[in-house]
2 protein chains.
Amino acid sequence: MEPSAYHHGNLRRVMLDAALQAIGESGPTGWSLRELARRAGVSHTAPTHHFGDKTGLLTAVAAEGFDLFAATLEAAGGDFREVGVAYVRFAVRHRSHFQVMFRPELYRPADPAVAPARARAAAVLSSGGRALSPDPARDRLTTVAAWSMAHGFADLWLSGALADAAEIDPETYARDLITLAFGHLHHPKA
Amino acid sequence: MEPSAYHHGNLRRVMLDAALQAIGESGPTGWSLRELARRAGVSHTAPTHHFGDKTGLLTAVAAEGFDLFAATLEAAGGDFREVGVAYVRFAVRHRSHFQVMFRPELYRPADPAVAPARARAAAVLSSGGRALSPDPARDRLTTVAAWSMAHGFADLWLSGALADAAEIDPETYARDLITLAFGHLHHPKA
DNA sequence: AGTGGAAAGTTTCCACTGGAAAGATAGCGC
DNA sequence: GCGCTATCTTTCCAGTGGAAACTTTCCACT
């Protein structure tokens with residue numbers, strides 16, 4: 001585990017962390033593999049062994065992201081509003097992951113490390129939508145509506161499009177948004 | 001105007017179109033300036049004269065995008081639901097523009113060709129939100145709610161995250177989403 | 001009419017990138 | 001204690017964005 005001169009011992013995690021930081025600083029494509037390798041103190045081809053290529057590194061970021069994401073959503077419990085808040089919280093706290101996850105042209109979305117975790121997250125959203133839906137025929141519509149609002153708010157907030165982004169607490173604001181749009185649908189398990 | 005051997009006569013527009021096509025094929029960063037220049041049949045430094053650098057080209061894409069965007073939203077008239085539908089329509093019909101516009105780290109958002117057009121679009125959204133808001137104190141919240149939903153749906157649809165994306169007509173679906181979430185607020189100019 | 005820029009495009013150059021190939025090192029199973 | 005294999009290095013290559021210096025064309029103005 002401790003870094004011998006030759007075998008880093010921990011390169012995979014270090015590269016992932018370096019990538020996450022670089023993404024946070026310059027966006028999902030605003031950095032180079034070689035720069036990360038330099039930061040990690042290894043040669044520029046060392047990461048190849050762990051990730052194959054740059055796309056592989058981004059795939060690993062997406063995979064880790066969807067895992068964390070699914071866990072976050074699952075932990076929010078059954079209350080649908082809190083699932084939406086958890087969605088936004090994840091985006092804000094793990095913004096580097098988030099900015100990769102929903103940009104599938106950057107990585108390999110069919111990778112076996114990615115697809116199951118993504119499905120797990122989708123299942124939480126679907127079940128939340130079902131709970132909120134006014135009638136079964138509109139389950140999907142309701143899911144997409146709530147998903148869109150949480151996702152759109154997160155994306156706008158992260159991109160800085162909301163001019164007052166600095167002043168607001170995104171989680172609190174998200175809760176207010178959801179209440180405004182979906183509060184009237186809430187018929188708590190009648 | 002006709003292409004003499006030396007002076008292309010039309011390079012700016014041709015490069016913009018080539019960029020839009022490349023973005024559509026490989027995302028906002030999945031192409032090279034040199035490749036576009038080759039497609040246009042000019043040397044790889046010719047575009048410098050029109051755009052300065054690659055960021056300048058993306059800035060021009062964003063500027064054109066926000067212009068078109070503002071025009072589209074303004075043309076939707078006062079009906080708020082139709083503004084949301086127009087938002088989604090723009091994203092679908094001008095997806096290359098859209099994918100750049102909300103990724104400000106890719107271009108220069110403060111550019112004088114960008115900022116005013118963006119402000120124009122924001123004004124339409126704000127006024128729509130105001131019309132929909134249940135009370136003045138919630139004007140901003142309502143605007144952000146509707147904006148988030150339209151934006152989120154557009155982004156999810158474009159990214160392919162909605163598994164059934166192929167089957168649905170995004171504009172119709174957007175109208176249904178807005179009705180579900182905001183229909184109960186509609187108090188037509190009482 | 002013809003000339004002096006300015007505008008538009010070219011060639012050449014450089015540091016940097018992602019990746020391929022081949023070789024060095026070191027820890028681990030037996 | 002020995003070879004195997006995972007990990008990391010060095011070297012190499014084509015492609016990239018951009019700077020610099022040059023060429024060609026067009027247009028405004030006398």
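Note on naming: letters A, B, ... go to the chains in the order of the sequence lines (proteins, then strands), and numbering restarts at 1 for each one.
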Response to the item:
Separation of dT16(D) atom C1' from L33(B) atom CG, nearest Å, is 9 Å
Worksheet item: Between atom NE2 in H50(A) and atom C1' in dC8(D), what is the gap in whole Å?
Response: 8 Å
Worksheet item: dT17(C), dG19(C), dC8(D): which one has an atom nearest the side-chain heavy atoms of S43(A)?
Response: dC8(D)
Worksheet, complete the sentence: Annotated structure of DNA chain C as dot-bracket, pair cut-off 3.5 Å, Watson-Crick or G-U only, | for inter-strand, is ||||||||||||||||||||||||||||||
Worksheet item: So what does R38(A) hit on the nucleic acid, given a heavy-atom distance under 4.0 Å: a base, only sugar-phosphate, or nothing?
Response: sugar-phosphate
Worksheet item: Side chains of F90(A) and L73(A): closer than 4.5 Å at any heavy-atom pair?
Response: no
Worksheet item: From dG9(C), dA20(C), dT17(C), pick the nucleotide closest to the side chain of H49(B)?
Response: dG9(C)
Worksheet item: Between E35(A) (CD) and dG18(C) (C1'), how many Å, whole number?
Response: 14 Å
Worksheet item: Between atom CZ in R34(A) and atom C1' in dG17(D), what is the gap in whole Å?
Response: 15 Å
Fill in: Distance-minimising heavy-atom pair for S126(B) and T143(B)
O-OG1, 3.7 Å
Practice prompt. Look at the side chain of T45(B) and decide which nucleotide, out of dG19(C), dG9(C), dT11(C), has an atom nearest to it.
Written response: dT11(C)
Worksheet item: Between T179(A) and R81(A), do the side chains contain an N or O donor and an N or O acceptor separated by less than 3.5 Å?
Response: yes
Worksheet entry | Whether H151(B) and Y87(B) hold their rings parallel, tilted or perpendicular, with breakpoints at 30° and 60° | perpendicular
Worksheet entry | Rounded distance in Å - CG (L57(B)) to P (dG17(D)) | 10 Å
Discussion item. Tell me whether R140(A) is salt-bridged to E167(B), with the criterion being a basic N under 4.0 Å from an acidic carboxylate O.
Written reply: no
Worksheet item: Please give, in whole Å, the distance from dG17(D) P to L58(B) CG?
Response: 11 Å
Worksheet item: Ion pair present between D53(A) and R108(A), side-chain N to carboxylate O less than 4.0 angstrom?
Response: yes
Practice prompt. Using atom NE2 of H44(A) as one end and atom P of dT11(D) as the other, report the distance to the nearest whole Å.
Written response: 12 Å
Item to complete: Select from W31(B) and R12(A) the residue whose nearest nucleotide in DNA chain D is closer to the 5' end of that strand.
Response: R12(A)
Discussion item. Parallel, tilted or perpendicular, judged at 30° and 60°: which one describes the rings of F98(A) and F69(A)?
Written reply: perpendicular
Worksheet item: Expressed in angstrom and rounded to an integer, what is the separation of L36(B) atom CG from dG17(D) atom C1'?
Response: 12 Å
Fill in: Which nucleotide in dC13(C), dT9(D), dG18(C) has an atom nearest any side-chain atom of S32(A)
dG18(C)
